[in-house]
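One structure is given below, encoded as structure tokens.
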Amino acid sequence: MTATTTSPTSAPKSRETVPLTRSHIALLVSSALLTLAAGAGLPSLVIAALAWRRNHDDHPGAKRLTHIGWIVFTVFFAVAAIGGIALWLSTPDGQDFWDWETAAEVTGELVPIFIKTTLLITVVGTAIAAIVGLVLAVATQVMPRFLAAILRWLMDFIRMTPLIMQLMFVYFLVPPSWSMLWAGTVVIGIHYAMYMAESYIAGIGSVDKGQWEAAKALSLPTPRTWRAIVLPQALRATLPSLGNWAISMFKDTPFLFAVTVVEMVTAANQYGNNTFRVNEPYTIAGLIFLVASLITAVAVRKLEKSLVY
Amino acid sequence: MTEYLDTLRDALPWLQDGVLITLQLSLGGAALALLVSITLGLMSIAPVPPVRWLATAVVEFFRGTSLVVQLFWLYFVLPVLFDIQLEAVLTGIIALGLNYGAYGAEVVRGSINSVDKGQWEGATALNMSPTLRMRKVIWPQAWVLMLSGYNNLAVMLIKGTAVALFITLTDLTYQIEELRKDTSTVFAYTVGLLLFYVIAWVASRGLRLLENQARKRLGMPTRSAHAGAGVSLR
């Protein structure tokens with residue numbers, strides 16, 4: 001954090017009060033209001049206060065903290081809003097619409113499943129997609145035109161047909177003794193490999209023509225030109241969109257529902273079937289997705305920034 | 001093989017029903033998504049901060065959660081919570097429209113923002129009102145970029161209609177599953193995947209034609225069928 005401090009120490013002390021940004025003031029006010037209303041605004045209020053303190057000597061740092069404060073505020077606001085609606089709707093007679101005990105129980109059950117399967121599928125699937133996609137992208141560029149056209153059509157075919165149908169296809173095709181978790185992960189990986197291949201192809205296309213010509217002038221062999229000159233530059237241009245495809249993939253993991261992998265939404269569904277309570281499992285499954293994808297999005301943006309420079 | 005083809009011929013009426021439901025979901029979802037994306041996209045560049053915040057919150061919410069979760073929520077939780085039971089097709093259209101509409105809002109916002117700064121300044125210098133400037137100068141140029149983004153989204157939306165299976169709709173995916181029981185896995189699913197491919201291909205090609213037409217109007221070079229296919233949904 002201290003390394004990112006940009007204000008030089010030689011700056012005149014009299015001008016240390018940089019005006020607060022509008023976003024910061026809004027965060028302070030809305031957090032305070034939320035704290036007064038439900039208490040859930042406290043975490044973001046603390047962050048806003050920290051940002052206020054920091055604003056005196058580290059304006060960019062304060063802006064970043066404000067940004068984090070907004071994310072925290074959104075998450076807590078969502079939780080408070082859903083809780084509030086549920087409390088408001090819950091009736092004294094008959095079954096409650098929202099039961100905190102059930103909610104806690106569901107959370108305890110879903111989070112480990114989320115970490116174990118959803119994340120595993122996403123990580124392994126991304127690795128498969130990134131590698132297969134790269135191989136396919138390079139193949140379309142080096143193959144004879146006719147074969148490349150056929151390959152391109154096949155890639156389009158897989159890319160433009162539903163993942164669920166492909167999963168079901170493979171489910172009925174492979175012997176029942178095989179692990180559907182792994183078969184499903186491979187199918188998701190290959191499906192997204194087609195998207196990633198398109199991103200790679202665009203990245204390869206964005207490499208300057210002069211780079212190819214210079215490599216040829218130096219009489220570098222073609223494989224080395226690819227390895228040492230073109231791909232490093234293409235990858236740098238492609239990486240941000242690969243991260244975004246990983247997020248998309250992560251949101252598609254519930255499709256493994258179709259092939260009976262016990263996965264978070266399936267588990268929520270089963271919980272609902274067993275206990276006849278559906279509000280808590282689906283809501284909490286959605287919240288876990290929301291929080292996880294917000295964290296992933298922030299991480300991807302960080303990675304993007306560190307790669308550009 | 002011939003007996004499979006006979007079975008396929010007998011199953012044609014059901015397959016037709018399935019394709020019809022898939023088309024209903026696709027067209028309805030696309031129409032709603034277009035509406036939602038333009039509304040939220042314009043809101044997210046509004047000069048009034050609270051309007052912008054509201055748009056960002058809604059977009060992030062629908063982009064952040066999975067389509068399946070939203071669908072389940074609409075179909076199973078909404079009836080319990082608010083005593084509203086929507087028809088299955090309508091539920092599918094709403095879920096698809098909101099989810100892909102949120103992605104589309106980012107397409108709209110990004111396209112409008114990437115119109116050259118000089119165009120904004122030029123229009124302002126000509127004393128155009130903000131509405132006229134948007135309508136006559138910015139929108140036509142942003143529209144070209146938008147169509148490219150919408151192309152990807154349309155294919156994704158058509159593929160997304162297959163989740164209708166989860167809310168007891170008898171769409172194409174369901175009918176193919178029925179066909180599989182009478183024929184073989186490879187046969188039935190090849191038919192199903194081809195049908196989906198044709199629908200998606202027609203939609204993608206149609207949007208590409210529209211895009212190339214819009215590009216021609218602006219005097220820009222036309223683009224190939226693959227252009228923008230690798231642009232990720234962010």
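Atoms considered below: every heavy atom in the structure, side chains included; atoms not considered: hydrogens, waters and symmetry mates. Letters go in sequence order (proteins before strands), and every chain restarts at 1.
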At a heavy-atom separation under 4.5 Å, does [X] approach chain A through its side chain, its backbone, both, or neither?
X: Q70(B); answer: neither
X: A57(B); answer: neither
X: P50(B); answer: neither
X: W201(B); answer: both

Options L193(B), V155(B), L194(B), ranked by heavy-atom pairs under 4.5 Å with chain A, top entry: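 Heavy-atom pairs under 4.5 Å are most numerous for L193(B).
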
Please identify which of these residues, Y103(B), Y150(B), Y100(B), meets the side-chain hydrogen bond (donor to acceptor under 3.5 Å, both in side chains) condition with S37(B).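 The side-chain hydrogen bond (donor to acceptor under 3.5 Å, both in side chains) with S37(B) is passed solely by Y150(B) among Y103(B), Y150(B), Y100(B).
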
Determine whether a donor-acceptor pair (N or O, by modelled atom type, separation under 3.5 Å) exists between the side chain of K159(B) and the backbone of R159(A).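 Side chain of K159(B) to backbone of R159(A), a donor-acceptor pair under 3.5 Å: yes, one is there.
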
Sidechain-backbone polar pair: T238(A) side chain, A234(A) backbone, donor-acceptor under 3.5 Å: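 At least one qualifying donor-acceptor pair exists.
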
Quick one: side-chain hydrogen bond (donor to acceptor under 3.5 Å, both in side chains) partners of T161(A), sequence neighbours excluded?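 Scan of T161(A) (side-chain hydrogen bond (donor to acceptor under 3.5 Å, both in side chains), adjacent residues dropped) gives Q166(A).
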
Counterpart residues, side chain to side chain contact (heavy atoms under 4.5 Å, CB included), relative to L25(B) (two or more places apart):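 Scan of L25(B) (side chain to side chain contact (heavy atoms under 4.5 Å, CB included), adjacent residues dropped) gives I21(B), V89(B), I93(B), L96(B), T161(B), A164(B), L169(B).
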
